[in-house]
Protein chains: 2
Amino acid sequence: MTAAEPLTPPRSSPYSPTQLRTIAAAVDLFTTHGVSGTSLQMIADAVGVTKASIYYQFKTKDEIVLAVAEADLTQLEDAVEAAEAETDPAAARDVLLVRLVDLAVEHRHMVGIIQNDPVMVRLLEDHQPFQLLMARLYRVLVGDDPGVDGRVPAAMLSAAISGAASHPLVSDLDDDALRANLLGIARRFLHVPG
Amino acid sequence: MTAAEPLTPPRSSPYSPTQLRTIAAAVDLFTTHGVSGTSLQMIADAVGVTKASIYYQFKTKDEIVLAVAEADLTQLEDAVEAAEAETDPAAARDVLLVRLVDLAVEHRHMVGIIQNDPVMVRLLEDHQPFQLLMARLYRVLVGDDPGVDGRVPAAMLSAAISGAASHPLVSDLDDDALRANLLGIARRFLHVPG
DNA sequence: GTCTATACGCGGATAGAC
DNA sequence: GTCTATCCGCGTATAGAC
């Protein structure tokens with residue numbers, strides 16, 4: 001359950017407390033308005049400082065976007081590492097499933113936008129660490145079968161988890177109920193014989 | 001298969017050919033850059049006219065966004081109507097499934113953004129016709145059971161279809177293959193005993 | 001580390017000629 | 001129906017005082 005800490009032990013975040021407040025505010029605003037629709041003025045107002053002060057912490061807006069993306073990436077990496085620690089492929093897949101559901105529910109208000117915002121997508125397309133991480137994730141999910149019969153269900157499953165977490169049909173469910181239901185159905189889906 | 005035409009028979013589109021070209025260009029740009037990230041200048045350049053000319057066709061940028069949304073809405077409405085024409089609930093659900101898969105694949109390059117762009121989401125939240133349409137759609141999908149056991153799978157299924165269509169794992173599949181696979185798996189998912 | 005002030009371009013939007 | 005020209009505000013970003 002407790003994932004072994006990666007290479008860097010209790011790695012102190014590379015960001016100062018003030019930067020972390022800025023990142024938190026940015027995530028919030030990106031979720032509501034999208035990246036392009038969020039100005040540095042809005043972020044500055046949310047943090048309670050001026051634009052110039054934000055520019056002292058981050059040289060450009062892109063750096064803020066990158067910081068937001070990397071925060072999520074770290075969590076995703078932990079999930080993949082935990083899954084890869086399992087020797088049995090089925091067990092690995094189940095660990096990944098649990099972690100992905102946890103993450104999706106924990107971030108249910110932002111998953112949709114963060115994963116689909118064009119600016120984020122563009123940024124991550126050119127970001128090798130992310131691409132490598134996703135390749136590892138898919139490998140656990142799909143197994144070594146690169147065929148269509150493995151990839152389509154995997155795509156649907158991963159889309160179902162993140163998409164359902166922010167779906168209006170279930171917006172009234174509390175986190176625990178949503179998590180339990182998502183996980184149960186996802187598991188059933190995985191175990192249905194092809 | 002051929003859906004009976006709605007109230008207005010061969011309803012001529014409310015948009016002029018030039019407006020339609022503008023809408024097409026806008027969809028394209030929205031897909032790549034998001035709504036906020038798309039300027040009227042970009043749209044004008046894509047159409048090959050000046051900004052002022054775009055403003056002759058649409059009074060505001062919001063009107064363009066609305067026109068884009070409504071184009072999709074019409075197709076979705078056709079799908080729901082076709083499904084509602086079935087008397088047996090299971091048959092209705094299957095018709096809806098087929099239509100939704102068709103739409104998702106047909107628009108696989110834009111589904112993700114159009115459904116998740118913050119500006120679109122905001123716009124549609126305040127757009128009663130859309131809300132009513134979605135209520136009808138969910139009713140066909142979930143049935144009359146408003147319980148959790150019906151809604152969570154429905155949310156996952158609808159997210160799986162639209163999300164998988166634009167998923168990187170299946171980006172190499174051609175439309176026909178993707179459509180067939182999505183539909184097959186979606187059907188199996190629906191028929192798995194709760 | 002945060003401020004005020006400012007530069008400069010691009011955003012949406014309009015007026016009026018052709 | 002499309003153009004040129006223009007308005008104005010806000011966007012990112014920087015300089016320099018405190």
Side-chain angles (χ1 to χ4, degrees), chain A residues 12-70 113-114 117-123 126, chain B residues 12-70 113-114 117-124 126-127:
Chain A
S12 56
S13 156
Y15 297 112
S16 72
T18 318
Q19 282 176 319
L20 290 176
R21 282 173 57 223
T22 300
I23 293 173
V27 172
D28 224 59
L29 289 161
F30 289 170
T31 301
T32 311
H33 306 283
V35 175
S36 293
T38 300
S39 69
L40 287 174
Q41 185 65 66
M42 293 163 82
I43 297 176
D45 289 348
V47 176
V49 296
T50 62
K51 266 196 293 181
S53 189
I54 300 289
Y55 272 105
Y56 174 79
Q57 299 159 15
F58 298 92
K59 272 196 264 293
T60 64
K61 185 181 177 181
D62 271 356
E63 269 192 28
I64 301 179
V65 177
L66 199 69
V68 167
E70 273 172 356
I113 325 275
I114 296 300
D117 188 287
V119 178
M120 285 284 178
V121 171
R122 292 268 186 151
L123 195 75
D126 302 333
Chain B
S12 56
S13 157
Y15 298 112
S16 73
T18 318
Q19 281 177 319
L20 291 177
R21 280 173 56 224
T22 301
I23 294 173
V27 171
D28 225 58
L29 289 162
F30 289 169
T31 300
T32 311
H33 306 282
V35 176
S36 293
T38 300
S39 69
L40 287 173
Q41 186 64 65
M42 292 162 82
I43 297 176
D45 289 348
V47 176
V49 295
T50 61
K51 264 198 293 181
S53 188
I54 300 291
Y55 272 104
Y56 175 79
Q57 300 158 14
F58 298 92
K59 273 195 264 291
T60 64
K61 185 182 178 182
D62 271 356
E63 268 192 29
I64 301 179
V65 178
L66 200 67
V68 168
E70 272 172 357
I113 324 276
I114 296 299
D117 188 286
V119 177
M120 284 285 178
V121 171
R122 292 267 185 153
L123 194 76
L124 295 177
D126 302 334
H127 190 64

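The chains referred to below are lettered A, B, ... by the order of the sequence lines, with proteins before strands, and numbering in each begins at 1. No hydrogens, no waters, no symmetry mates; every other heavy atom, side chains included, goes into these values.
- The two residues Lys61(B) and Val35(B) have their closest heavy-atom pair at NZ-O, 3.0 Å.
- Contact record, Glu63(B) with Phe58(B): OE1-CA, 3.8 Å, taken as the closest heavy-atom pair.
- Met120(A) is listed as a side-chain neighbour of Val68(A), based on a closest heavy-atom distance under 4.5 Å.
- Where the helix from dG1(C)-dC18(D) to dC18(C)-dG1(D) starts and where it ends, the local axes point in directions that differ by 10°; five pairs per end, rounded to 10°.
- For dG1(D), the OP1/OP2 oxygens have a side-chain nitrogen or oxygen of Tyr56(B) closer than 4.0 Å.
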(request) Could you give me the CA-CA distance, side-chain angles and deciding distance for Val119(A) and Phe30(A), then say whether side chain to side chain contact (heavy atoms under 4.5 Å, CB included) is met? (result) CA-CA 10 Å; Val119(A) 178; Phe30(A) 289 170; over 6 Å; no

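- Phosphate contact (OP1/OP2 of dT2(D), side-chain N/O of Gln57(B), threshold under 4.0 Å): present.
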(request) Report, as a single string ordered 5' to 3', how protein heavy atoms within less than 4.0 Å touch nucleotides 11-18 of chain C: B base, S sugar-phosphate only, - not at all. (result) SBBBB---

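- Taking atom CG of residue Asp45(A) and atom P of nucleotide dT2(C), one finds them 15 Å apart after rounding to whole Å.
- Between Ile54(A) and Ile64(A), the closest side-chain pair of non-hydrogen atoms falls below 4.5 Å.
- Atom CD1 in Ile64(A) sits roughly 9 Å away from atom P in dT12(D) (whole-Å rounding).
- Rounding to the nearest 0.5 Å places NE2 of His33(B) at 9.5 Å from OG of Ser36(A).
- The closest side-chain heavy-atom distance from Glu70(A) to Tyr15(A) is below 4.5 Å.
- Annotation: the span from Leu29(A) atom CG to Leu40(A) atom CG amounts to 10.5 Å, rounded to 0.5 Å.
- In terms of phosphate contacts, Thr50(A) brings no side-chain nitrogen or oxygen within less than 4.0 Å of OP1 or OP2 of dT2(C).
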